[in-house]
*Asks:* 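Take a look at this one; I'll ask things after.
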Protein chains: 2
Amino acid sequence: MFQQLFKSIQEKVIVTQEEMELCKTFFIPKKLRKKQTLLQEGDICIYNAFIEKGILRSFYIDEKGNEHLVQFAIEGWWITDLSSFLTNSHSIYTIEALEDSELLLLTTAAREALMDQIPMFERYQRLLLQNAYIANQARINSALTETAEEKYINLGNAYPGIVKRVPQHMIASYLGLTPETLSRVRKQISNKS
Amino acid sequence: MFQQLFKSIQEKVIVTQEEMELCKTFFIPKKLRKKQTLLQEGDICIYNAFIEKGILRSFYIDEKGNEHLVQFAIEGWWITDLSSFLTNSHSIYTIEALEDSELLLLTTAAREALMDQIPMFERYQRLLLQNAYIANQARINSALTETAEEKYINLGNAYPGIVKRVPQHMIASYLGLTPETLSRVRKQISNKS
DNA sequence: AATTTTAATTGATTTAAATCAAGAGAATTT
DNA sequence: AAATTCTCTTGATTTAAATCAATTAAAATT
């Protein structure tokens with residue numbers, strides 16, 4: 001149950017065996033079946049979720065009723081609505097499993113206790129955030145400057161696992177494209193080669 | 001010289017007077033005149049810069065020769081190329097002062113030493129990153145889903161100080177718009193009211 | 001297996017923003 | 001103060017992607 005989490009932590013910081021065992025006690029294991037949700041729009045996000053197995057997405061519906069896919073997350077990644085989680089505010093996002101998934105949940109209190117008791121866990125969290133910051137910066141650049149075709153190709157190169165695993169209209173939504181546009185882009189690419 | 005920095009830290013964490021004094025010794029004060037650069041494209045970013053006074057921008061030039069404004073930063077904010085800073089890789093960004101500015105610089109080594117010696121400084125850095133992550137998430141949503149007009153109005157509401165202080169074509173670049181489009185958007189808005 | 005629902009494709013048309021081009025207005029520099 | 005450079009505006013045209021609409025294909029449910 002904790003394989004992926006331990007791997008993720010040990011890739012970033014050095015922790016003792018005892019700390020690892022202590023760490024375990026803070027997490028709540030949780031299974032989600034496909035289409036079940038971890039967070040519903042309007043609720044307060046009380047969990048920071050680590051994914052041991054499966055794949056989830058977070059999305060929101062805008063005033064015009066359009067759905068926007070904010071994030072995908074697979075094994076070894078974390079997912080939450082950080083804004084709602086940190087400030088106890090009502091979330092505009094829904095977080096949903098796209099496949100049957102196994103999660104490890106951290107409440108705000110458990111996360112803070114863990115960071116107080118194991119300073120290396122705070123470092124681990126900071127390092128995760130640094131990587132997420134860099135990835136988001138890349139996504140901003142992509143969204144602002146790339147064509148539809150470039151966005152799709154670059155996403156496929158960066159995260160082939162996700163592109164293969166997820167319905168095409170969700171990829172389109174993640175890239176800020178309509179499903180029709182993505183379908184045409186794919187055709188154009190396949191015609192080239 | 002350290003007013004803004006101390007204010008920023010004390011807003012986020014609790015530190016003793018001694019820690020604050022210790023903290024000072026890790027920073028290198030630096031003044032930049034307008035148009036001078038902290039980082040040149042191709043160089044390795046060795047500083048994490050806190051802005052005591054002034055305003056800076058980071059930008060890059062793409063293959064087609066177009067300039068893209070990545071970030072503005074004003075008093076009380078940090079600026080760096082985190083990717084280059086953390087991995088010692090050559091930066092694609094240039095960081096430049098838009099006004100005469102006063103900075104406090106942290107090298108990678110100083111930053112790490114500071115985080116080791118003052119755990120609350122690591123917490124401070126994590127909290128900054130959390131806020132940056134949330135802000136970037138909002139910018140991604142904006143870039144992917146908003147019209148030119150919405151982008152401009154929302155930026156003006158979120159950061160009126162920046163929009164007033166900076167040439168219009170830089171705002172356009174930050175929003176991923178051409179200067180012509182932003183000029184027309186502004187005209188349209190002023191015609192409405 | 002048949003039916004319903006969901007997903008993807010394709011075509012015609014519209015639209016928001018980019019591009020190209022020229023000129024007016026500001027701000028620096030000499 | 002004149003000249004140069006930089007910034008913003010306005011107009012005409014093009015273009016990438018969205019929208020609208022219909023059909024086919026695939027997946028899920030009964």
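Any value given below was found using the heavy atoms of this structure, including those in side chains, with hydrogens, waters and symmetry copies removed. Order of the sequence lines fixes the chain letters, A, B, ..., with proteins taken first and strands second; residue numbering starts at 1 for each chain.
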*Asks:* To the nearest 10°, let me know how far the axis at one end of the helix from C:dA1-D:dT30 to C:dT30-D:dA1 is tilted from the axis at the other, five pairs an end.
*Replies:* 50°

*Asks:* List the atom pairs, with distances to 0.1 Å, where a side-chain N or O of residues 17-27 of chain A and a protein N or O form a donor-acceptor pair under 3.5 Å, not counting sequence neighbours.
*Replies:*
from  : atom 1 : to    : atom 2 : distance (Å)
A:E19 : OE1    : A:T16 : N      : 2.9
A:E19 : OE1    : A:T16 : OG1    : 3.4
A:T25 : OG1    : A:L22 : O      : 2.5

*Asks:* For residues 69-93 of chain A, which residue pairs pass the salt bridge (charged side-chain N to carboxylate O under 4.0 Å, His left out) check, not counting sequence neighbours?
*Replies:* A:E75-A:R165

*Asks:* Check nucleotides 11-13 of chain D for protein N or O atoms closer than 3.5 Å to its own N or O atoms and list the pairs.
*Replies:*
from   : atom 1 : to     : atom 2 : distance (Å)
D:dG11 : N7     : B:R184 : NH1    : 2.8
D:dG11 : O6     : B:R184 : NH2    : 3.3

*Asks:* List for me each residue that meets side chain to side chain contact (heavy atoms under 4.5 Å, CB included) alongside B:T80, sequence neighbours excluded, and say none if there are none.
*Replies:* B:C45, B:N48, B:L82, B:F85

*Asks:* Can you check each nucleotide of nucleotides 25-30 of chain D against protein heavy atoms at under 4.0 Å and return B for base, S for sugar-phosphate only, - for none, in 5' to 3' order?
*Replies:* ---S--

*Asks:* May I ask you to list the residues sharing a hydrophobic cluster with B:F59, side-chain cutoff 4.5 Å, ordered by chain and number?
*Replies:* B:I61

*Asks:* Is it the case that the side chains of A:H68 and B:N141 hold a donor-acceptor pair, with the cut-off being a distance below 3.5 Å and no angle test?
*Replies:* no

*Asks:* Near DNA chain D, which residues from residues 169-177 of chain A have a heavy atom under 4.0 Å away?
*Replies:* A:G176, A:L177

*Asks:* With side chain to side chain donor-acceptor pair (under 3.5 Å) as the rule and sequence neighbours excluded, what pairs involving residues 102-111 of chain A come up?
*Replies:* A:R111-A:Q125

*Asks:* For the side chain of A:T181, starting at C-beta, report the closest nucleotide among D:dA18, C:dA8, D:dC8.
*Replies:* D:dA18

*Asks:* Heavy atom of residues 140-151 of chain A under 4.0 Å from DNA chain C: which residues?
*Replies:* none

*Asks:* Which donor-acceptor pairs under 3.5 Å do the side chains of residues 126-134 of chain A make with protein atoms, sequence neighbours left out?
*Replies:*
from   : atom 1 : to     : atom 2 : distance (Å)
A:R126 : NE     : B:E122 : OE2    : 2.7
A:R126 : NH2    : B:E122 : OE2    : 3.0

*Asks:* Which residues within residues 58-74 of chain A lie with some heavy atom under 4.0 Å of an atom in DNA chain D?
*Replies:* none

